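For reference, the structure discussed in these notes is given below.
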Amino acid sequence: MDYLVKGNDIYLKQDDFDLEQTLDCGQAFRWEKDGDKFFGKALDKSLTIYSKNDYFVFENTKEKDFIDFWVNYFDLETDYGELKELFSCDKTLSKACEFAWGIRILKQDSFEALCSFIISQNNNIPRIKGIISRMCELFGHFPTPKQLSEADENMLSPLRAGFRSKYLIDCGKKVFSGEIKLEEIKTSEIVDSRKNLMKIKGVGPKVAECALLYGMYKTEAFPVDVWIKRVLSEYYPEGFPQELYKYQGIAQQYLFHYIRKGL
DNA sequence: TTCCAGGCGTATC
DNA sequence: GATACGCATGGA
């Protein structure tokens with residue numbers, strides 16, 4: 001980890017990292033750009049970050065928070081250069097990685113990722129951000145399982161989440177009661193993890209896959225939405241390369257960004 | 001006005 | 001197991 005402490009800020013040198021690409025590629029929904037700075041939240045933490053010359057500046061950040069939280073959140077200990085090399089064996093992926101060279105997978109909190117992607121269904125990214133923002137405003141922070149379990153649809157009406165409100169409540173109830181144990185799901189075999197997540201109303205194959213990839217860092221989880229469906233039918237009619245299985249979720253993120261913004 | 005968005009539950013066969 | 005349809009909301 002190549003960083004230094006300067007006043008109240010942390011200066012980090014990091015390859016394969018672009019803020020815009022990482023924070024605005026549809027994996028997290030609580031980051032906003034203001035000029036050249038990004039302001040965002042993850043669980044109860046918040047951060048202002050921007051790039052300056054060869055460095056990423058973590059503004060007003062304690063070294064302890066950087067080490068204990070943000071290093072993991074931004075997945076700084078994974079070598080994305082190595083991953084991109086692995087992906088370069090495939091022509092389409094190679095182009096996607098060239099275009100979206102600075103994407104990293106954010107290691108988000110499991111409950112936050114799960115709720116976020118429940119909200120994402122049949123929805124567009126600006127609206128997903130709006131609903132999550134209003135939800136955090138309503139509760140004062142990202143809601144806990146307990147808080148969602150105690151909510152009712154009327155209480156959640158300010159979110160304008162539509163039919164997804166009842167799904168959020170069911171998710172809160174099942175996680176809070178322990179019927180769904182996210183910590184166990186994190187460490188179990190992915191087949192079992194999927195099966196368990198889908199016991200929650202409003203969690204189907206796509207949402208489960210997103211929760212696994214972004215909230216539990218199962219890099220083989222492969223969310224297929226309308227965009228990835230288009231990529232698969234156009235460029236991978238024979239199926240996705242099996243030799244990339246272990247990291248196909250990360251590959252998917254490069255492809256997702258590429259097809260939406262690069263073509 | 002109609003279509004679409006990081007889908008899913010339900011009914012029906 | 002596959003397919004069809006409705007669903008809340010708001011921007012294009």
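Computed from a predicted model, the values in this text were never measured in an experiment.
At a threshold of 4.0 angstrom between heavy atoms, the contacts of A:Ile228 include nucleobase atoms, whether or not backbone atoms are also involved.
For A:Phe117 and A:Phe29, the ring centers sit closer than 6.0 Å to each other. The six-membered or imidazole ring of A:Phe222 lies near that of A:Phe240, with a centre-to-centre distance under 6.0 Å.
For the P atom pair drawn from C:dG6 and B:dT2, the interatomic distance equals 15 Å after rounding to whole Å.
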Checklist outcome for this item: Nucleotide by nucleotide, nucleotides 6-12 of chain C touches protein heavy atoms under 4.0 Å in the pattern (B base, S sugar-phosphate only, - none) -BBBB--
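A:Lys206 and A:Pro223 make their closest contact through CD-CB, 3.9 Å (heavy atoms, listed as atom of the first residue, atom of the second, distance). For the pair A:Leu93 and A:Phe87, the tightest heavy-atom approach, listed with the atom from each and the gap, is CB-O, 3.6 Å. Closest non-hydrogen pair, A:Ser46 versus A:Trp70, comes out as O-CZ2, 3.7 Å.
Between A:Tyr73 and A:Phe69, the angle of the ring planes stays under 30°, which puts this pair in the parallel group of the 30/60° scheme.
Close approach of DNA chain B to chain A, defined as any atom under 4.0 Å from a non-hydrogen atom of the protein, starts and stops at B:dA5 to B:dG9.
Ion pairing of A:Asp75 with A:Arg104 is absent here, as no side-chain N (NZ or NE/NH1/NH2) approaches a carboxylate O to less than 4.0 Å.
In this model, a donor atom of one side chain and an acceptor atom of the other lie less than 3.5 Å apart for A:Tyr3 and A:Glu63.
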